[in-house]
Each structure stands twice: as structure tokens, then as C-alpha cells.
Amino acid sequence: MTRRVLLHVGAPKTGTSFVQDILFTHRALLRERGILYSADRHDAHFLAALDLMELPWGGLEREAAGAWERLAAEVRDWPGTSIISHEILGTASRVQVARALASLGDRSEVHIVYSARDLVRQIPAEWQENVKHRRTMQYGKFLENLRDEQRSTEVVQWFWGVQEVPDVLDRWAGSIPRERVHLVTVPPAGSSPTLLWERFAGLFGIDPNELVPTSRANASLGVPESAMIRRLNERVNDVLPGPHYRTFVRELLVHENLSGRTGSPRLSLPEDAHRWASDLARTWVSELAQRGYDVVGDLDDLVPGPARPFTDPDTVDERDVADAAIDALAIMTRETARLRDVEVELHGVIEDLMGQLDRFHGTRSYRLKERLVAMSRTNTLARAGLSVYRRLRGRRSRST
Amino acid sequence: MPVTGTDPTYQHAVSAWAAHLLAGGTTSWADWRRRATDARADVAVLEPLPDATHLELVRRVNLEAGPGADLAGLADRILATPAPGRGLLDVPLPWTGAPRRFGTPPIDPALLPGEELVRLAVGVLAHLLPGVRPPAPDEPQRPWPAPWRRRFRLHGAPATVAAVRRHLLAQGYVETDWRPTHVVIGRPVEVMMAEHWGRVVRAGGVVKWSRLWRRAEASGRLPPQIDVAATAARLRDRRREPLHVVVARDAGDAAALAAGVLGARPPGVHGGPDVALSDLVRRLNRLAVLTQGPDQVRVLARTLVSVLGADLLSPGAPEPAPPQASLPWAREVAAAGAAALRQAGYAVHGDPGALAPTEHRLPGTVDRERTLALAVRACIRIHELERKS
Amino acid sequence: MSRRVYLHVGTPKSGTSYLQDKLALNRPRLEQQGLDYVQTRTGNHFEAALDLIGERWAGAEKTARGQWDALATDARKARRHVLVSHEILAAAGPANIERAITSFPGREVHVVLTARDLGRQVPAEWQEGVKHRGRRDYQGFLKSLQKDYGRTETRLWFWRVQHVPRILAGWGAQLPADRVHLVTVPPSVAPRDLLWKRFAGVVGLDPEASYAESETTNASLGGAEVTLLRRLNIELAERKVPRKTYVNWVRETIVKDVLAQRPSVPATVPPQRRPLIDELSTSWLGEIRASGVDVVGDLEDLVPVWPDDSEHWSDPDAADPTVIAEAAIESLAHVLALSGPAVEGGPVARLTRRLLG
């Protein structure tokens with residue numbers, strides 16, 4: 001069988017998490033089929049990407065040192081098809097790309113996979129993703145910055161880095177034969193929900209009916225909810241540490257609760273921004289058509305549809321924001337109280353243990369041992385005796 | 001396969017400039033374009049083609065090192081180091097011909113935002129530093145605790161304290177917790193915060209200068225180690241442990257007052273905390289967590305500081321200032337501290353009013369140009385160290 | 001002079017928490033002057049009062065059983081004059097009043113009632129209800145007040161504890177008028193200690209002496225904030241959040257630390273209902289004068305002073321949604337900031353230190 005490496009490098013908000021979920025959940029089965037998705041933890045490829053691009057990420061990077069090389073080593077040794085997938089890889093610089101490709105060895109055929117969705121849907125989705133990552137930039141400012149040709153803000157540099165399809169493929173696929181560059185297009189809204197998965201599965205060599213996505217799609221936030229979280233960020237950014245933000249705001253409030261409010265208006269683009277984005281998307285489509293990549297789907301999928309009604313998060317109805325905030329407040333109150341109850345219980349257990357320790361320390365045999373330890377610090381004989389004692393007791397009793 | 005949409009004359013011109021820089025040249029891109037009118041086809045096109053940020057950093061290194069410096073290898077390492085983290089991606093150089101349709105717009109290297117150069121320089125340092133032997137821990141000679149030696153314990157502004165401690169130990173005083181004379185050293189709040197920050201980043205911290213202040217303001221007090229009034233309140237009424245508080249604007253004055261309390265000779269202490277240096281260490285820490293792992297961060301920080309020959313107090317360091325937004329609170333907290341010191345009736349030497357932020361109207365931002373200069377200097381020094389060994 | 005017992009029986013929201021806190025802070029001073037503010041196991045007289053009036057109170061009435069008798073027993077042993085104070089005593093019915101009055105044999109019984117003008121009492125009681133998990137909106141609250149007032153047998157808590165003439169008549173039924181004292185709460189512009197001085201004088205303390213000051217403020221929340229709280233109560237009830245959580249997290253945290261600190265417009269009686277309140281107040285003043293009870297302060301204090309806002313009266317039920325949204329987000333931020341582990345030097349830290357030497 002051909003040794004292939006499928007490097008799936010983007011884009012964010014194109015269904016990548018559900019693909020990665022399937023790969024991770026069924027990695028053992030895939031291995032038997034000759035497909036390697038090497039991951040000892042759910043976010044293994046994410047850490048590898050952080051490592052490759054030397055990208056701090058709110059403290060998560062602490063566990064990333066060396067992650068890319070570990071992944072690459074597994075891939076180099078694998079005789080079949082390997083899949084590496086993470087959507088932030090799209091923003092790798094040419095030097096980083098060169099390093100990544102070199103690390104995969106020269107025995108495998110490297111393929112680049114990039115999933116793309118029309119720009120008009122990507123822009124609001126990325127702004128919301130930013131908000132869920134503690135950003136406080138207002139939507140209007142975000143759109144204004146996007147249209148700045150100088151790309152002077154970090155938020156915008158990131159956006160184009162992962163979403164500008166022709167440039168991402170320039171950087172990643174500059175030295176790759178065109179037939180090995182696969183552009184997967186996300187079907188337009190209203191298409192069959194399994195269509196996208198079928199396109200990926202075909203590329204990976206997986207039967208789409210055998211491994212089916214679980215319905216874990218991250219529902220998008222409505223406009224009032226997004227506005228509420230953005231304003232919340234303004235207040236908590238200086239006082240809430242990263243792990244707390246991730247657990248409470250992102251997981252508990254957003255993913256588990258606020259995303260469920262499906263009646264809220266969804267975020268789209270105002271009319272003039274819609275026109276600008278559609279024109280830009282069309283430019284990309286005609287460029288991509290000329291490049292001769294392998295298109296899985298249809299380039300027309302990347303042409304935005306007509307403008308949808310626009311609700312502005314910067315001036316949204318405060319009643320809806322208040323609703324979302326009160327909902328979140330109730331959830332948070334209950335959760336914090338529950339955690340404190342757990343903590344109080346733990347304290348009870350600890351106090352009890354401390355009591356037992358006290359009683360133990362008061363016993364005569366313990367006091368004798370304590371004196372022996374103190375003596376052994378200055379007395380060789382005592383030290384020898386003590387080490388024998390410790391060996392007999394086993395490694396566990398380190399303190400006595 | 002050819003890189004799509006790139007003009008071969010552009011590739012040759014950039015590669016030629018790169019070759020000039022790799023050989024130690026310092027001509028700017030603008031000047032280079034003017035002079036080299038014919039594309040030299042014999043220059044090999046570099047693959048991948050370096051971007052404006054990398055080339056400009058090499059040029060700055062060459063400028064700093066001066067003519068005749070042997071930097072062989074350093075420039076190659078710079079070109080091979082990817083710029084870490086977020087920022088402008090693969091910045092092309094300005095060129096005639098059709099404007100690029102995709103990707104980052106071209107920027108003249110001389111006009112690159114300082115942040116981009118610093119970012120890359122930190123990335124280079126993160127790769128160079130692990131090859132340098134870490135300095136031995138700086139343990140001052142401690143005299144034997146004879147009963148006739150005066151005992152002391154210092155608190156307050158950490159860098160000033162460290163300098164004074166060294167001099168006192170050298171003069172035979174004993175630092176101990178058993179019935180010492182406590183001396184709390186106060187400096188203007190922005191100096192103390194800068195000294196505190198210097199300590200924090202040398203221990204691996206990654207908090208920014210502005211956020212350090214915001215956190216302090218949110219908590220309503222200065223960090224405990226530099227909260228002079230609170231420290232004094234904690235230490236008062238200890239039997240047989242006299243308490244003295246010294247406050248002065250100038251490091252030398254503070255040191256002289258502290259030594260005076262103990263009857264020691266005035267130590268010649270100069271300089272101040274270098275905020276730009278601390279920011280460089282901070283940036284390195286942030287990256288080193290990722291490139292070397294959390295355990296190595298502190299070691300690398302110390303190595304960087306030692307490579308630059310810097311101390312907690314640097315002579316010639318620019319004066320620190322609180323960030324604009326925190327200046328009102330800085331005044332408030334200093335005034336509160338001064339009032340507490342005056343009312344409490346401790347032995348206070350110097351003027352508690354000296355806690356107030358110095359009104360020098362400097363912007364409370366880190367001087368990025370200085371941070372970059374320090375980073376460049378560090379790269380050069382490491383390269384020299386490697387050549388010697 | 002024979003030994004006395006002063007029963008301070010109400011009304012709620014007339015500065016009673018402030019007075020009780022100040023009394024507790026100054027017990028030694030009080031004792032020096034011959035007055036015993038009876039000490040109880042909780043520090044205040046809530047349990048005794050609850051036990052006496054026999055109301056249901058979210059289960060607290062079970063714990064409080066027997067506390068009135070305990071208080072009375074302690075009072076009997078006291079050698080000085082005795083002061084009992086809790087504002088829910090106002091709700092006592094005739095039988096319980098009788099029991100209360102006869103609980104202190106051998107002592108001269110005095111009844112003290114602090115009272116504030118109805119214009120301030122109405123919104124304050126609505127707020128208090130919401131702070132105790134109430135979910136009724138302001139209009140609903142006002143309607144029920146109006147409806148119930150007409151009834152001869154009042155069931156509604158508000159009138160039971162705020163109808164000054166009825167309370168005076170009930171508690172004073174078997175007492176000479178000069179042993180029933182009505183202390184009026186001065187208008188909000190007056191200095192805070194004026195109420196204390198009036199009250200102190202009645203219970204035999206020297207008003208001009210110096211006393212430790214109380215820091216409590218049972219501040220009024222803004223109307224928008226009360227509405228936020230009310231809507232939060234609805235959400236919390238749906239999620240079946242237990243009462244203890246509510247007390248600790250909502251009342252003691254969100255209300256105290258966030259909502260009470262916000263600069264906001266407190267609710268007032270809506271303009272169209274003010275004539276009725278004025279009528280009531282006038283008629284009450286007449287009854288009080290006729291009753292001959294001892295008035296400490298000025299009866300005019302009980303006449304509502306209306307702000308000049310009839311053109312633009314702010315209805316708490318229709319509060320500015322921006323204000324509500326901001327208050328909610330601020331509260332959410334506050335609760336999030338508290339979501340970390342509780343105590344820095346707590347048992348976990350102590351244990352760790354011991355194990356590691």
C-alpha cells in the first residue's frame with residue numbers, strides 16, 4: 001500500500017472538530033485498517049500544532065513541548081496512510097511548513113487537505129470564536145479591521161492566516177504536486193448533514209456509513225448571547241484565570257447552555273460587508289479554479305449566497321442580552337454553590353484526617369521515631385538504623 | 001513545482017540581498033533596490049524565500065555588531081528560525097510589478113512594526129539559549145553567625161534589597177531570622193513595582209507590565225513584598241527585633257539610609273530596574289514554556305540575564321513609569337502608604353512622601369526599541385560565547 | 001422605679017436592623033445605664049419573635065420552637081430593665097400579644113414601635129419580599145396591597161406589619177397609653193443618628209452619650225436591580241436551587257456586593273396611587289392622635305414626601321433593559337471571579353504543610 005500522509009491544515013469552523021472526534025474515537029479500528037491517527041489524548045494534534053508553530057495558547061502550551069516531533073516520529077514509521085489534522089496549522093509560515101514537511105520523512109507521499117466554507121459564513125463564525133476565547137473586540141471594529149488592507153491588528157492577521165484559502169495553499173502546497181492538494185468544500189446551508197462527512201471520508205479512505213459522526217456539532221451562539229459574552233469578557237479578563245474561564249464560561253455557559261437557545265437570531269454580515277466579502281470570495285474561487293487542485297465537492301460552494309437579515313451585536317436588543325445574562329447568572333450561581341458544597345465536604349474529610357494525624361503523632365512509638373530521625377541527621381549509626389527501617393517499611397513511609 | 005504567483009526577478013533580488021546580509025552587509029532594502037538595478041541571475045534562489053522580518057533582523061544584528069565582526073552562522077540561524085506565535089505572516093518586500101493579490105501586503109523592512117522584530121528575536125534567543133551553559137547560582141559569601149555580629153533582615157523593594165544585602169554581608173553582617181534588626185526599604189511605587197516585576201520574570205513569570213498593575217489595582221493593594229506599610233505593620237511589636245523603615249527616591253540614598261541604620265558603611269548602589277530587559281525575559285519565558293518545557297524556563301531566564309551581564313539594578317536603565325491608566329491609583333496607593341507610615345510611629349528614615357510616583361511624565365509603556373536592542377545584543381553575545389568554546 | 005420590659009415590635013424597614021446592630025455593639029454601655037438587650041444563641045431576637053407569632057418561615061419555625069420562652073426566662077433573671085426587639089413581632093395576633101405581655105411578671109411593660117412614612121415603606125417591602133426569593137412584580141404587589149386593605153380581616157403580611165394604628169391598638173390593648181411609644185423615623189435628609197437618639201431616649205438610654213456606630217446599611221436597591229433579582233428568582237426556582245445557596249450566593253453576595261453598590265434609582269409609589277397613600281396616612285395620623293400614645297419625634301414624619309417625578313416616573317417592571325443587562329453581567333462577572341477555591345490558608349494548605357514538614 002502507498003505510504004501517504006494526509007495533512008489536514010484547516011480551516012477553522014468547517015466541521016473539523018467533528019472529523020477529529022471520529023478519528024480519535026475510532027483510532028484503534030482505523031489502525032487495523034492501515035490508517036494511523038496517532039493520538040494519546042483528544043487534543044494531541046492541537047498540542048503538536050502549538051509546538052510546530054511555537055504558539056502560546058492561554059497556558060495550554062505547557063504540555064506541548066516536543067509534541068510535533070513525537071507525532072512526526074510515529075508518522076515516519078507508519079507504512080500505510082497517516083492523518084494529521086488541526087485547523088490552526090493553516091497559519092504556519094513557510095519556514096514552519098518546511099520544517100513540518102521535512103520532519104515527515106521522504107518515504108511518504110504528502111497530501112495537503114484543506115476544508116473551506118464560503119467567506120460570508122466564516123467571518124461571523126471567527127468573530128464568535130474570538131469572543132469565546134476572551135476577546136473583547138466589537139463586531140463593527142472587527143469588520144473594519146478586516147477590510148484594512150494593511151492587516152495591522154493581530155486578530156485580523158490570524159483570521160487571514162487561517163482563512164485566506166489561496167495564501168494558505170501557497171504556503172503549504174507550494175512544493176506539492178497539484179493532484180495531491182485536496183480542497184474539500186463545505187456544502188451550502190440546507191444540504192444534507194452527512195454530505196460533508198462523506199467528502200472527508202472519501203479522502204481518508206473510510207466508509208462514511210460505517211463510522212458516523214456523533215451529534216456533537218458545536219452549535220453557534222445567537223447574537224444577544226455573543227454580545228453578552230463579549231461584555232462579560234471586558235469585566236472578567238483581568239480577574240479570571242484561564243482554566244476557570246475555559247471551564248465556566250466556555251464549557252459550562254456557552255457550550256452546555258447558551259448554545260441551546262436556538263430561537264435567537266444568528267450572526268451574519270451587514271449589507272456592505274456582505275458585498276465586499278462576496279466579491280473577495282469570488283476572486284478566490286476564480287484563482288483556485290486555475291490552480292488545478294483536487295476539489296472534493298464544488299468550488300461553487302465557496303460562492304456566498306444572498307445576504308441574510310443582519311442583527312448587529314453591538315446594538316442588539318438589551319432585553320435579549322438581559323435574558324441571556326440572567327440565564328447564565330442562574331446557572332453560574334447553582335454551579336458555584338455546588339462546587340463550594342463539594343469543597344466544604346472535602347474540608348470535612350481533611351479535618352477528620354488531621355485529627356487522626358494528631359492522635360497518631362501523639363503516640364509514644366511515633367515520638368521515638370521522630371527523635372531517631374532528628375538524631376540521624378547528625379549520627380551515622382542512627383542513620384544506618386533508619387535506612388534499614390525504611391527499607392523494611394518500603395518506599396512509602398518517606399517522612400518517617 | 002514553482003511557487004504560484006511569484007515573480008522570478010523578485011526572488012532573485014531578495015536572495016541577492018539576503019546573500020549581502022549573510023556576508024555582514026548593512027544596506028537597507030530601499031538602498032539595495034536603488035543600487036542593484038540588474039537582477040543577478042547567478043545568485044541561487046533561497047528556498048523558502050526569507051521574508052522582510054527575518055532579513056531586517058539580520059541587518060540590525062550586523063549594524064549592532066559593527067564592521068569586521070564575525071557573525072558567520074548567526075545570520076543563517078536567524079533565517080532558519082520561524083517567527084513564533086501570532087503576528088504578520090511571511091511579510092514580502094516591496095517590489096515593482098503587479099501588486100500581490102493574496103497574503104500579507106508588502107512592507108518596507110525599515111517600516112516594520114517593532115513588535116515583529118522583537119517577536120522574531122525572542123524566537124531566535126529561545127533556540128540559542130539552551131546551548132549556553134547556565135550561570136552558577138549567585139550565592140554571596142555568608143559570614144559565620146558570631147554573636148557579636150549585627151543581625152539584620154531586609155524587606156521591601158527587592159532589587160534595592162539585594163544590592164544592600166550583598167554589601168552588608170561583605171561587611172560581616174549576618175542575615176538571620178533570629179532577633180534581627182528589620183529594615184524595610186521603600187522606593188517610589190513605580191520603582192518598587194519594576195523591581196518586583198524583575199524578580200517575577202526572572203523566576204519564570206509571564207505577566208505583562210500593564211497587567212501587573214491592573215491586577216494590583218483590582219486587588220486594592222501593592223503586591224505584599226513591596227507593600228511597605230503592611231510589612232512594617234506585620235513586623236512591629238516584635239520583642240528584641242527593632243524595626244526601621246527607610247524611604248528614598250534614589251537607590252544610593254535608600255542604600256545609604258539602610259546601611260546607616262545598622263551602622264554600616266554606605267554601599268555604593270547605583271542604577272535602577274530595567275523594564276525593557278524584564279519585558280524581554282517575560283517574552284522569552286512565554287515562548288520557552290513551549291520550546292523547552294516548563295521546567296527549563298527559569299534556567300533560561302537566568303542564562304539570558306547573565307549573557308547580557310545584567311543585574312537586578314542596571315546603571316543607565318531608563319526610569320520606569322506606571323501605565324497611564326494606573327497612574328491615579330499609583331498616586332493613591334502611595335499616599336495611603338505614606339500616611340500609614342507617618343501615623344504608625346515606627347522609626348522612619350527619609351521621607352514617606354518619596355513613595356509617590358515620580359512625576360516625570362514618561363509613558364508607562366515598555367520601550368520596545370530598547371527591548372529589541374537588548375535581544376540583538378544577547379544574540380551576538382551568545383554567538384561569541386559559542387565561538388570561544 | 002419598677003423594672004421594665006421594652007418590647008420593640010416593629011415595623012420592618014424602619015431602621016430596625018440598624019438599631020438592633022447598634023444595640024448589640026454597645027451591650028456593655030447599655031448595661032452601665034441599666035438596660036439589658038437580652039443575649040440569645042443567635043445574637044438577635046428573630047427566633048424568639050418567630051416562635052411567638054407562630055408563622056411558617058421556610059422551616060425556621062421548627063428550629064425556633066421554645067425560643068420565646070427561653071428569652072422570657074432570661075429576661076426574668078435580669079436585674080436591669082430589659083429590651084426585646086424584633087420587627088416581625090408586629091405580625092402577632094391578639095392571643096400571642098396577650099402571651100407576650102404576660103411573659104414578664106412583675107415588670108412594667110412598654111411597647112415601642114418605630115415607623116416610617118408609607119411612601120417609603122411600600123417599595124421597601126416589595127424589595128424585601130424579592131430578596132426573600134419573591135417573584136411577584138411591582139404592579140402585582142401594589143394591587144394586592146390595595147385589595148387587601150379593604151378587607152376587615154387582613155391576611156396580607158404587608159398590612160399586618162405596617163398598619164401602624166392597628167399595631168398600636170393591638171399591642172397597646174391592655175396598656176395605658178403612656179406606655180405605648182411611637183418613634184417616627186426622620187426623613188432621609190436628617191442625620192442618621194437622629195433615629196437612634198429618639199429610640200435611645202424612649203428605652204431609658206442617654207441619647208447624648210457616645211456609642212459605637214453600626215456599619216449596616218440595608219440600602220435600597222434600584223428598581224431595575226430589584227426587577228433583575230426577581231427575574232433571577234424565577235430562573236433559580238425553575239432550576240430548584242436550594243434555599244441555603246440562595247441565602248449565601250444571592251442575598252449575601254450578588255445583592256450585597258454588586259446590586260447594592262450600583263448607583264441606581266430606587267422605586268417609589270407610582271403617581272396614580274399616591275392620593276390613596278396620602279389619604280391613608282392622613283387617616284392614620286388622626287387615629288394615632290386620638291389614641292393618645294406617646295409620640296417620640298414628629299407625626300409629620302409619617303406624611304409621605306413625594307419626589308417630583310410624575311412626568312417621568314420610572315416603573316421598575318418596565319426598567320431600562322440596558323440597566324438590567326449591565327447589572328446582570330456585572331453580577332455574573334462577580335460570581336465567576338469567586339468561582340475559585342475558597343480559602344487561601346484553609347485546611348488543605350495546613351495539611352499540606354504538615355505532611356511536607
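Within every chain, numbering begins at 1; the chains are lettered A, B, ... in the order of the sequence lines, protein sequences first and strands thereafter. Note that this is a predicted model, so its numbers are computed, not measured.
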Could you tell me whether C:W157 and C:W57 have their ring centroids closer than 6.0 angstrom?
-> yes

Chain A heavy atoms under 4.5 Å from C:I234: which part of the residue, side chain, backbone, both or neither?
-> neither

Check whether C:E238 gets within reach of chain A through its side chain, its backbone, both or neither, counting any heavy atom under 4.5 Å.
-> neither

Side chain, backbone, both or neither: which part of A:L240 has a heavy atom under 4.5 Å from chain C?
-> side chain

Return the option, out of C:T322, C:I324, C:L236, with the maximum number of heavy-atom pairs under 4.5 Å with chain A.
-> C:T322

Most heavy-atom pairs under 4.5 angstrom with chain A, which of C:N233, C:I329, C:N248, C:V323?
-> C:I329

Quick check on the interface: out of [options], who has the most heavy-atom pairs with chain C under 4.5 Å?
options: A:T333, A:L253, A:V249, A:D320; answer: A:T333
options: A:M228, A:R338, A:E234, A:E335; answer: A:M228
options: A:V239, A:V321, A:L232; answer: A:L232

With under 30° as parallel and over 60° as perpendicular, where do the rings of A:Y139 and A:F142 fit, or are they tilted in between?
-> parallel

Taking the six-membered ring for Trp, are C:W126 and C:Y138 parallel (under 30°), tilted (30 to 60°) or perpendicular (over 60°)?
-> tilted

Rounded distance [0.5 Å steps], CD in C:E61 versus CZ in C:R56 | 7.0 Å

A:R134 and A:N233: side chain donor to acceptor below 3.5 Å | no

Could you go step by step and tell me if C:K240 and A:R334 meet the side chain to side chain contact (heavy atoms under 4.5 Å, CB included) rule?
-> CA-CA 9 Å; C:K240 308 212 190 313; A:R334 187 183 59 176; over 6 Å; no

